[in-house]
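For reference, the structure is listed below as C-alpha cells.
Because the structure is a prediction, the values reported are computed rather than measured. Residues take their numbers from the sequence shown, with the count starting at 1. The figures here come from the full heavy-atom set of this structure, side chains too, leaving out hydrogens, waters and symmetry mates.
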Amino acid sequence: MKKFISAAIAATFIAAPAFAATITLSFANDDGTTQEWTFDSETNMATAGELSVPYTWDEEAATLCAEIPDQGEVCATFNEVAQAVGESSTYTLSTGGTGTATITAMAE
C-alpha cells in the first residue's frame, strides 16, 4: 500500500500543465506494480478508486509532496516534466522508490 500511495503522489508533478483540469496517469513502479490515478488541478486532489490525496507542488525544486494517512509526508522529485498524452517522466520518491509515470488522458 505504501508504494501504491507514493506513486499517486508522484503523478501530480506530471499533472502540472495548466491547460488540463484532469489528467490520468499510469505509474509503472520499478518494483513491477502499476497503478492508474486521476489528478484534478482545480482541487489539487489525486484519486485512485475511493482514495483521494491532497498535494503540493514546488516548481523550482521539481518536487511534489503529499501527507499520506498513517505514513506522513511523502515527496517525489522528477527528472523531467511530461506535458502531453503518451509522454513519460521518471521520478524518485523520498521513501527511496523509483519509477516512470505516463500520461494516458487529459481533459479540460
Side-chain angles (χ1 to χ4, degrees):
M1 181 70 163
K2 183 176 181 179
K3 289 183 182 182
F4 181 76
I5 293 172
S6 297
I9 295 168
T12 309
F13 172 73
I14 299 175
F19 58 88
T22 62
I23 297 176
T24 301
L25 301 126
S26 176
F27 293 92
N29 297 320
D30 289 344
D31 69 1
T33 60
T34 301
Q35 308 89 34
E36 216 171 82
W37 289 80
T38 299
F39 299 87
D40 186 329
S41 64
E42 293 179 9
T43 63
N44 288 335
M45 297 296 287
T47 304
E50 294 182 20
L51 178 64
S52 290
V53 180
Y55 64 88
T56 61
W57 167 242
D58 180 339
E59 187 172 355
E60 188 172 314
T63 301
L64 169 78
C65 296
E67 194 70 28
I68 305 300
D70 301 324
Q71 293 183 32
E73 184 179 64
V74 178
C75 297
T77 302
F78 291 83
N79 293 319
E80 63 271 341
V81 178
Q83 297 196 22
V85 172
E87 291 185 4
S88 299
S89 178
T90 57
Y91 58 86
T92 301
L93 299 171
S94 59
T95 57
T98 60
T100 302
T102 303
I103 298 174
T104 59
M106 298 174 86
E108 292 183 29

Over all atoms of both residues, closest heavy-atom pair of Q83 and M106: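 That closest heavy-atom pairing would be O-CE, 3.7 Å.
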
Are any side-chain N or O atoms of T102 and backbone N or O atoms of S88, one a donor and one an acceptor, separated by less than 3.5 Å? no

Residue list, side-chain contact (heavy atoms from CB on, under 4.5 Å) with [X], at least two apart or on another chain:
{"X": "E42", "answer": "A21, D40"}
{"X": "T24", "answer": "E36, T38, T104, A105"}
{"X": "S52", "answer": "M45, T47"}
{"X": "A28", "answer": "T34"}

Considering residues at least two apart in sequence or located in another chain, which fulfil the side chain to side chain donor-acceptor pair (under 3.5 Å) criterion with T92? none

As a quick check of understanding, evaluate side-chain contact (heavy atoms from CB on, under 4.5 Å) for N29 and Y91, giving each step before the final call. CA-CA 10 Å; N29 297 320; Y91 58 86; 2.7 Å; yes

